Amino acid sequence: MSAHETASLLQLCRIMRPDDANIVGNVHGGNILKMIEEAGCIVGTRHCNAQNGDRCMAALVRVEKTEFLFPMFIGEVAHVTAEITYASQHSLEVQVKVTAENILTGAKKLTNKAALWYVPCSLKNVNKVMKVPPIKYADQEQEEQGRKRYEAQKLERMETKARTEEVVPPPSNPEQYTVGYSQSTLIHLVGPSDCTLHHYVHGGVTMKLMDEVAGIVAARHCNTNIVTASVDAINFHRKINKGCVVTVTGRLTFVSNKSMEIEVLVDASSLVEPDKYRAVSAFFSFISLDKDNKPLPVPPLKIEGEDEQRRFDEGNARYILNKAKRLAAKERQQ
Ligand code: COA
């Protein structure tokens, strides 16, 4: 294998520790997303520097919808495999697989499959987008499939602009099971350990904060153990710089019989200037679990006002669409 070929594949593994998990031992979805992003960033940055010119860093710009197929537990070993699967002129797709290995029994299960898009940004000027060196495809079909995925996400991005939904503070004494009751906000000062060497936040760090807030919202609504089931496609429109204050707000938008959809809005501002901008937004789905990790029914959501009703209806439409896609994928596998 040539150096060029080996650079497009990466394998990492790490044992899951108590600080990776919640109090009942389920590894947080946010930690898994962070590991996935780290692997993608390494393989992407390595590949983009296999050329002459400015040194660069692969910045995360998009994560396709990601499903959490099985829970991972403390003591298991997470194996993360990242592979560059498509390169456009200025972006590259990295597909990542995560398996959890029980090192006592040898049992392995596929817990996640994710597809991430990175853009090489020059180290001299982080807003200068560099060219991506071409990759070698196994055959023409593989390249064609990659091009289709690239065009599909580009089209979807044009159609779904950054959500400009406002964050409305909850009422002072909200009733249980209302949106306001579980709405939660985390304020975080971006420090050096959150950042790339070039002083903007790692995508994985942002996703971890988002998952944390979404998990708090879900747990406050149903008062049980909860786990991340999936995250809808996320676009990272703008960088968040070191020293910024990020405000991550989560609120329930939709509740089905056994799942909750939480909208997470990430706003950033400098510490001294109050003007905020929307850096990222995403929808997380969570499931409530009993002591045996079996899904539990979720309390219905008490809707108040037109905006909540609109968001609930939009969430319901996404739920129906996603469920139909999952069923179609299952049928294709059979
Ligand atoms: N998903 C996938 N690809 C994307 C994308 C997204 N959300 N946004 C941009 N791209 C791709 C474009 O398709 C283009 O590639 P192509 O020419 O091969 O088609 C390439 O990025 C450059 O696009 P361009 O329009 O020139 O740049 P931009 O104005 O979108 O800026 C960044 C690109 C990377 C500078 C900007 O999106 C950014 O700073 N994003 C935040 C990155 C970040 O901070 N990540 C960590 C998350 S906290």
Side-chain angles (χ1 to χ4, degrees), residues 1-12 32-33 35-67 69 79-99 110-123 127-160 203-204 207 230-237 321-322 324-326 328-334:
M1 218 184 261
S2 71
H4 182 73
E5 280 168 289
T6 48
S8 63
L9 185 73
L10 178 90
Q11 285 176 313
L12 301 173
I32 297 176
L33 290 170
M35 284 190 290
I36 289 174
E37 202 279 321
E38 271 167 17
C41 177
I42 294 171
V43 77
T45 300
R46 201 180 263 164
H47 176 74
C48 292
N49 283 288
Q51 64 185 347
N52 295 327
D54 285 7
R55 296 299 86 196
C56 60
M57 185 87 189
L60 179 70
V61 285
R62 179 175 168 93
V63 183
E64 300 294 350
K65 182 174 170 60
T66 308
E67 309 262 0
L69 306 169
H79 294 263
V80 186
T81 308
E83 188 177 7
I84 300 175
T85 43
Y86 185 75
S88 73
Q89 271 218 318
H90 302 105
S91 71
L92 50 86
E93 181 199 49
V94 181
Q95 290 191 13
V96 184
K97 276 189 190 156
V98 185
T99 49
L110 179 70
T111 59
N112 296 79
K113 270 191 338 192
L116 299 89
W117 292 87
Y118 288 87
V119 170
C121 295
S122 160
L123 299 194
N127 291 318
K128 180 179 158 201
V129 173
M130 310 269 297
K131 281 217 164 147
V132 175
I135 64 163
K136 227 176 172 182
Y137 298 97
D139 51 39
Q140 220 177 343
E141 170 66 11
Q142 196 190 37
E143 181 171 8
E144 184 57 20
Q145 291 300 325
R147 195 181 54 76
K148 281 189 184 154
R149 292 191 298 275
Y150 163 73
E151 278 166 6
Q153 57 93 351
K154 208 158 184 174
L155 193 69
E156 200 249 21
R157 271 192 286 137
M158 277 184 231
E159 284 169 359
T160 50
M207 289 193 286
S230 68
V231 186
D232 270 8
I234 315 179
N235 289 303
F236 294 86
H237 300 285
L321 189 72
N322 286 334
K325 279 187 190 164
R326 270 203 312 278
K330 250 189 200 161
E331 273 167 23
R332 274 199 303 276
Q333 278 167 8
Q334 280 165 4

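None of the values given here were measured: they were computed from a predicted structure.
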Non-neighbouring partners of Gln140 that pass side chain to side chain contact (heavy atoms under 4.5 Å, CB included), sequence neighbours left out: none
Verdict with supporting geometry, Val94 and Thr85, side chain to side chain contact (heavy atoms under 4.5 Å, CB included): CA-CA 6 Å; Val94 181; Thr85 43; 5.9 Å; no
Test item: Leu12 and Met35 side chains (from C-beta on) under 4.5 Å apart, heavy atoms: no
Partner residues of Lys128 under the side-chain hydrogen bond (donor to acceptor under 3.5 Å, both in side chains) criterion, sequence neighbours left out: Asp54
Side-chain touch Leu10/Arg46, heavy atoms, less than 4.5 angstrom: yes
Any residue meeting side-chain hydrogen bond (donor to acceptor under 3.5 Å, both in side chains) with Arg149, in chain and number order, not counting sequence neighbours: Glu93
Point-to-point distance, once rounded to the nearest 0.5 Å, from NZ of Lys113 to CD of Glu67: 10.0 Å
Side-chain donor or acceptor of Arg55 paired with backbone N/O of Asn49 under 3.5 Å: yes
Presence of salt bridge, Arg62 and Glu156, under 4.0 angstrom: yes
Check: Ile42 and Thr45 side chains under 4.5 Å, non-hydrogen atoms: no
Inter-residue atom distance His47.NE2 - Ser8.OG, 0.5 Å rounding: 7.5 Å
Glu144: partners by salt bridge (charged side-chain N to carboxylate O under 4.0 Å, His left out), with sequence neighbours left out: Arg147
Beyond-backbone contact of Lys97 with Asn112, side-chain heavy atoms, under 4.5 angstrom: no
Atom pair NZ/CD of Lys131 and Gln51 - distance to nearest 0.5 Å: 10.0 Å
Inter-residue atom distance Thr99.OG1 - Leu69.CG, 0.5 Å rounding: 11.5 Å
By side-chain hydrogen bond (donor to acceptor under 3.5 Å, both in side chains) - contacts of Ser91 (at least two apart): Ser88
Tyr86 and Trp117 aromatic ring geometry - parallel, tilted or perpendicular at 30°/60° bounds: perpendicular
CG on Asn235 to CG on Leu60, rounded to 0.5 Å: 9.5 Å
Residues which pass side-chain hydrogen bond (donor to acceptor under 3.5 Å, both in side chains) with Asn322, listed by chain and number, not counting sequence neighbours: none
Residue pair Met57, Leu123: steps toward the side chain to side chain contact (heavy atoms under 4.5 Å, CB included) verdict: CA-CA 7 Å; Met57 185 87 189; Leu123 299 194; 3.8 Å; yes
Cys56 and Cys48, any side-chain heavy atoms less than 4.5 Å apart: yes
Taking every non-hydrogen atom, the tightest pair across Ala50 and Pro133: O-CG, 4.5 Å
Passing candidate, side-chain contact (heavy atoms from CB on, under 4.5 Å) with Gln153, options Glu64, Met158, Lys148: Glu64
Gly44 to Leu92 - nearest heavy-atom pair and separation: CA-CD1, 4.0 Å
Pair Glu37, Tyr118: side-chain N/O donor-acceptor within cut-off below 3.5 Å: yes
Between SG on residue Cys41 and CD1 on residue Ile36, distance to nearest 0.5 Å: 14.0 Å
Side chain to side chain, Val43 and Leu9, heavy atoms closer than 4.5 Å: no
Closest heavy-atom pair and its distance - Ser230, Lys65: OG-NZ, 3.3 Å
pair Val98-Leu110: side-chain heavy atoms closer than 4.5 Å: no
For the student: nearest non-hydrogen atoms of Ala82 and Gly40, plus distance: CB-N, 4.3 Å
